[in-house]
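Residue numbers begin at 1 in each chain, while the letters A, B, ... track the order of the sequences. This is a predicted model, so every value here is computed, not measured.
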Amino acid sequence: MPKYEPRELEKKWQARWDAERVFAAKEDASKEKCYILDMFPYPSSNGLHVGHPIGYIATDILSRKRRMDGKCVLHPMGWDAFGLPAENYAIKIGGHPHDITQQSVANYIRQLKLIGFSYDWEREINTSLPSYYKWTQWMFLLLYKNGLAYKKQAPVNWCEFDHTVLANEQVVDGKCERCKNPVVQKNLSQWFFKITDFADRLLEDLDSLEWPEKIKAMQRNWIGRSEGAEIDFRGHTPDGGEFDLTVFTTRPDTLFGVSAVVVAPEHPIVERLTAEAERGAVAAYIEATKRKSEIERTGTDQAKTGVFTGAYAKHPFTGEDVPVYVADYVLPQYGTGAVMVVPAHDERDHAFAKTYGLRITTVVEPVTGTPQENPEYRRSIVALVEDPSSKKVLSINWGSSMGGHLLVGGGRDENEDPEACARREILEETGYADLELVGMSETIHHNYFAHSKNVARAIDAIGLHFRLKSDRRASTALEANEEGKFTVEWLSFEDAATKVSDPLHAYVLQKFAFDRPYTDDGILTGSGAFDGLASADARKKITAALEAEKKGRKQVNYHLRDWLVSRQRYWGAPIPIVYCDEHGEQPVPEEQLPVTLPDDVDFRPTGESPLARSKKFHDVACPKCGKPAKRESDTMDTFVDSSWYFLRYCDPKNESAFADKAKVDYWCPVDTYVGGAEHAVLHLLYARFFTKVLFDAGFVKFKEPFTRLKNQGLILGEDGEKMSKSRGNVVNPDDVIAEHGADAFRLYEMFMGDFEQVKPWSTSGIIGQRRFLERVWKMQSGAAETPAKLRSLLHKTIKKVTEDIEAFKFNTAISTMMIFVNENEGAQLSNADYEAFLKILSPFAPHITEELWEASGQKELIALAPWPAYDAALTVDSEVEIALQVTGKVKDRITVPVDADDKELERLAMENEKVKAALEGKTVKQVIVVKKRLVNIVAV
RNA sequence: GGGGGUAUGGCGGAAUUGGCAGACGCACCAGCCUUAGGAGCUGGCGGGGGAAACCCCAUGGAGGUUCAAGUCCUCCUACCCCCACCA
């Protein structure tokens with residue numbers, strides 16, 4: 001046997017796969033199809049580092065295995081090739097983005113081929129080529145014709161320094177990602193896609209997907225559906241002006257706690273509602289808001305500022321006048337751009353009310369704890385005693401088993417005054433007597449289960465806030481059963497907040513010590529006819545009452561906004577629209593597509609779209625009348641390109657359609673989709689949106705593009721930090737492969753740990769995989785028959801590897817194969833069994849297994865060989881080792897027949913010498929037998 | 001502030017879903033082989049005690065349920081990711 005020289009044989013097999021077109025996908029209606037897809041990369045000029053291919057290796061293993069299963073596999077690769085980095089780099093070095101992209105693509109292909117992936121390279125796509133973006137433009141027109149693409153004036157992120165619009169993702173902490181200068185808002189006429197029309201469908205269909213919960217949660221979050229109500233306030237100014245102002249709230253149950261109405265500074269009504277006397281102040285405030293940067297405006301820890309407008313709004317039910325303010329904590333683009341201020345039940349409103357001295361009225365009584373069945377009713381008090389000189393609160397420590405730290409609490413008789421009751425309890429338990437009452441809470445509805453008395457309780461509690469006037473203490477008067485059960489401690493506010501865990505006491509602490517408003521649901525109070533209702537019920541009833549009086553309505557709002565797709569940049573797909581003086585906005589007729597990028601243009605950003613500078617491009621004839629017209633000069637967001645690319649792979653060279661319908665019907669949807677979690681929202685949401693648009697238009701038969709999604713975990717540098725050029729911890733796969741070969745590299749990436757978990761790279765770790773392959777290289781076969789024990793191990797290994805590949809548990813699949821190889825010494829394997837092992841290893845290490853397969857006398861490729869079946873009977877042992885425990889401690893291990901019954905196992909355990917010794921002088925209380933696992937003899 | 005996740009030897013990570021914690025690999029240690037070793041082979045390798053048999057402790061922390069807990073429940077801590085003045 002020659003030495004294992006990975007590089008030599010890897011080149012050999014890669015060349016043969018290419019030459020024989022082994023991985024070219026062909027539709028075959030008689031076979032089950034399987035579409036396994038990687039998120040296509042943006043070909044960066046930096047090339048791939050070792051973190052990138054982990055997902056590609058996983059999909060390659062799955063694809064190779066599924067091909068061997070006899071399935072028809074589509075496993076393509078392509079390039080998300082439009083985008084800013086290539087354009088910026090071109091500007092920097094004075095080249096053209098097209099050339100730079102082509103160079104990067106060539107380098108990516110070289111690197112990917114080095115790793116030995118089984119892509120169908122004949123289906124390679126590139127979003128920056130006219131043959132592709134013709135269909136991106138076609139998609140735009142499809143949306144346009146269905147009323148889903150529209151142009152409107154909108155505020156966008158604008159970088160003053162780079163003179164360009166920036167996508168949201170290019171704005172980092174309110175600054176331009178590239179030049180780090182602050183980003184300002186600018187009003188520009190922009191193209192949007194109406195993704196908001198699909199909000200509910202995008203939300204509902206998530207349930208049907210085999211996606212990580214995390215990604216689904218992020219999408220739900222991004223869509224941000226919130227149910228609530230719009231409420232109309234009738235307003236007036238002292239100058240006799242009148243106006244209608246509608247607010248949006250998710251908490252109509254708190255309507256009776258309104259003490260002001262606030263509108264966003266950008267709200268168009270501000271002009272009308274501002275009283276003459278306040279105009280100066282309001283204008284100054286709006287001006288100040290404009291000067292604020294994104295971060296200053298939207299930081300959650302910013303102080304709540306605002307200005308009174310002089311106007312008042314009438315409460316829709318009580319008719320009371322509440323003041324109207326302008327404040328920048330209200331955002332113009334969400335809801336109606338106006339909110340009702342309920343200081344008692346919203347953190348921001350609370351802070352605002354504190355600053356401007358607004359009334360704080362409790363209209364929702366708190367509910368704490370978990371409601372129980374058939375509770376006993378009680379009354380109680382909870383007293384917070386504060387020592388103002390030391391800023392500490394009085395706590396009673398009952399010990400960890402009795403509820404831990406509490407404030408002072410106690411039961412209250414039906415007619416007892418809460419203050420008197422609290423003073424009595426404080427005196428009895430702590431002895432403090434010189435107290436001043438400074439606050440009393442609303443009724444708190446507390447539910448809990450009293451384990452000591454085995455009874456459920458519903459308690460109406462009153463919280464009281466006392467200040468210590470002096471530390472004069474009387475002697476305590478404890479009941480006999482309370483003596484010595486607790487200690488009295490003074491805790492800092494912060495200590496108390498972490499130590500007091502009982503929900504009732506914690507609420508009282510938060511209310512008095514930290515002045516926190518109650519923002520959860522509860523029981524209505526001070527709300528007229530709605531008193532006593534639970535919040536959820538009250539929301540419905542109050543909304544219904546508003547509707548009946550035509551003063552409001554049920555309303556659903558979404559965080560999701562329409563998708564802004566215009567970009568004032570060169571390196572993207574031109575938007576296929578023409579503007580005619582006579583006929584206005586005109587779509588470019590389909591037969592004129594693609595609208596190609598001009599190559600004679602200076603694409604340096606100056607503020608206007610570079611395409612507008614090309615006369616050849618810009619001056620066209622109106623498609624309708626033929627008179628001179630102007631072409632739209634914006635390009636599309638690159639996320640448009642990637643929203644439909646998975647369809648193009650089905651039929652990448654089609655010139656008359658984005659793909660042949662029969663081919664799309666055959667291959668789609670994608671069965672397994674793999675990529676990084678950074679695309680959790682944007683790309684995956686947009687692709688889902690496009691799929692629904694195409695479904696509605698009858699082009700595809702499925703509503704969701706990606707049935708199963710897996711996210712690869714990030715690979716960190718050896719220092720445990722994210723790999724980056726600036727940190728200097730980037731590892732290049734080229735170097736690793738040059739030293740140990742692609743097979744060792746593939747195995748190591750898969751062996752490192754759980755596929756979806758973050759994990760650091762270790763260059764020394766890869767040697768283990770190289771050693772494993774060296775052992776495989778030296779494995780021998782030729783025995784007439786494999787020994788029974790090894791044969792059984794082989795079949796268990798086949799079973800485990802088969803199941804683990806499907807479940808993306810590649811790390812344990814590899815360790816199982818290592819165990820098999822470690823167990824295998826000398827020429828014990830039959831040729832057939834040896835070859836079966838090579839087959840299950842082949843998706844992981846395709847090159848070495850092709851070589852050994854050939855050396856074993858096979859003429860066909862192992863990549864085309866059938867996946868071995870395992871004999872289920874051989875995966876089950878006839879004997880198993882079980883543990884013998886005495887009271888949970890293992891005393892011995894014995895080997896027993898696998899089908900031994902409980903009685904037999906118990907007998908064997910009782911007869912065991914070590915068990916007998918451990919049972920010496922003890923009485924057996926119970927024997928637990930778990931077949932194939934253990935016998936546990938409980939003895940005292 | 002909201003949502004999601006993670007925590008197991010020196011390190012990466014296993015653990016049949018409640019049943020023998022530490023599989024597999026790296027690193028390390030000892031021995032063999034070798035002129036040599038960044039090669040190969042054999043053995044060891046969570047901590048503590050003990051000559052040994054064996055005993056005790058141990059899966060971020062504290063409680064709990066159970067014959068049995070890394071796994072289930074309650075509370076807490078630390079770190080990571082995403083979103084965030086969204087009313």
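Comparing A/V758 and A/I215, the nucleotide of RNA chain B nearest to each residue sits closer to the 5' end for A/I215. Along RNA chain B, the nucleotide nearest A/E213 and the nucleotide nearest A/P760 are compared for position; the residue whose nucleotide lies closer to the 5' end is A/E213.
A straight line from CD of A/Q769 to P of B/rA27 spans 12 Å, rounded to a whole angstrom. To the nearest angstrom, P of B/rA21 lies 9 Å from NZ of A/K889. In this structure, A/D328 places its CG atom 13 Å from P of B/rC86, rounding to the nearest Å. Rounded to an integer number of Å, the gap from CZ of A/R933 to C1' of B/rA21 is 15 Å. To the nearest angstrom, P of B/rA68 lies 22 Å from NZ of A/K931. Note: CG (A/D902) to P (B/rG19) measures 17 Å, nearest angstrom. Regarding A/I928, its CD1 atom lies at a distance of 17 Å from the P atom of B/rG18, rounded to whole Å. For the pair A/I715 CD1 and B/rG13 P, the computed distance is 11 Å after rounding to whole Å.
When the nucleotides B/rG38, B/rC85, B/rC86 are ranked by their closest atom to the side chain of A/E739, B/rG38 comes out on top. Closest contact between the side chain of A/S764 and the listed nucleotides B/rC26, B/rC67, B/rA87 involves B/rC26. Ranking B/rU6, B/rA87, B/rA23 by closeness to the A/I819 side chain, first place goes to B/rA23. Each of B/rG19, B/rG12, B/rA87 was ranked by its minimum atom distance to the side chain of A/T249; first place goes to B/rA87. Taking the side chain of A/Q757 as heavy atoms from C-beta on, and the options B/rG5, B/rU16, B/rC41, the nearest nucleotide is B/rG5. Taking only side-chain atoms of A/V938, from C-beta outward, the nucleotide of B/rC86, B/rC67, B/rC24 with the closest atom is B/rC67. Relative to the side chain of A/N822, the nucleotides B/rG19, B/rA87, B/rC24 differ in distance, and B/rC24 lies closest. Taking every side-chain heavy atom of A/H559 into account, B/rC86 is the closest of B/rC86, B/rG19, B/rG25. The side chain of A/N936 approaches B/rA68 more closely than any other nucleotide in the set B/rA87, B/rA68, B/rC85.
At a cut-off of 3.5 Å, with distance as the only test, no side-chain donor of A/D346 or A/Y518 sits close to an acceptor on the other residue. Under the 3.5 Å distance criterion, with hydrogens and angles disregarded, a donor-acceptor pair is assigned to the side chains of A/H446 and A/T368. In this structure, a donor-acceptor pair under 3.5 Å is present between the side chains of A/N822 and A/R775. In this structure, a donor-acceptor pair under 3.5 Å is absent between the side chains of A/Y748 and A/T763. A donor-acceptor contact under 3.5 angstrom links the side chains of A/T305 and A/Y285, judged on distance only. If you check the side chains of A/T196 and A/D562, you find a donor sitting under 3.5 Å from an acceptor.
Using a 4.0 Å heavy-atom cutoff across all strands shown, A/R561 reaches at least one base atom of the nucleic acid. A/I767 comes within contact range of the sugar-phosphate backbone alone, with a heavy-atom separation under 4.0 Å but no base atom that close. A/V330 comes within 4.0 angstrom of a base, heavy atoms only. If you check every strand for non-hydrogen atoms under 4.0 Å, A/D754 touches sugar and phosphate atoms only. A/T250 comes within contact range of the sugar-phosphate backbone alone, with a heavy-atom separation under 4.0 Å but no base atom that close. Using a 4.0 Å heavy-atom distance criterion, A/K914 is classed as a sugar-phosphate-only contact.
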Determine, stepwise, if the pair A/R770 / A/D743 fulfils salt bridge (charged side-chain N to carboxylate O under 4.0 Å, His left out).
CA-CA 8 Å; A/R770 175 64 183 266; A/D743 286 337; over 6 Å; no

Please assess A/R553 against A/D232 for the test salt bridge (charged side-chain N to carboxylate O under 4.0 Å, His left out), listing each intermediate value before the final yes or no.
CA-CA 9 Å; A/R553 63 216 65 85; A/D232 304 328; 2.4 Å; yes

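Applying the 4.0 Å criterion to OP1 and OP2 of B/rC55, one finds that A/K891 has a side-chain N or O inside that range. One finds a side-chain N or O of A/R771 lying less than 4.0 angstrom from the OP1 or OP2 phosphate oxygen of B/rA27. One finds no side-chain N or O of A/Y329 lying less than 4.0 angstrom from the OP1 or OP2 phosphate oxygen of B/rA87. Contact between the side-chain N/O atoms of A/S226 and the OP1/OP2 oxygens of B/rA87 is found at a separation under 4.0 Å.
In this structure B/rG48 sits in the anti conformation; its chi angle is more than 90° from 0. Glycosidic conformation at B/rU17 (O4'-C1'-N9-C4 for purines, O4'-C1'-N1-C2 for pyrimidines): syn, within 90° of 0.
Residues from residues 335-353 of chain A that place a heavy atom under 4.0 Å from any atom of RNA chain B, listed by number: A/V339, A/R348. A heavy atom closer than 4.0 Å to some atom of RNA chain B occurs in A/K809, A/N811, A/T812, A/S815, these being the qualifying members of residues 798-816 of chain A.
Salt bridge status for A/D207 with A/R220: present, with a side-chain N to carboxylate O gap under 4.0 Å.
Ring geometry for A/W777 versus A/Y4: interplanar angle of 30 to 60°, hence tilted. Aromatic ring orientation, A/H683 versus A/H679: perpendicular (interplanar angle above 60°, classes split at 30° and 60°).
With a 6.0 Å radius and a threshold of 12 heavy atoms from other residues, nucleotides or ligands, A/E718 has its CD atom above the threshold.
In this entry B/rG37 has no Watson-Crick or G-U wobble partner, no candidate having both defining distances under 3.5 Å.
Side chain A/K214 to base B/rC82: no donor-acceptor pair is found below 3.5 Å.
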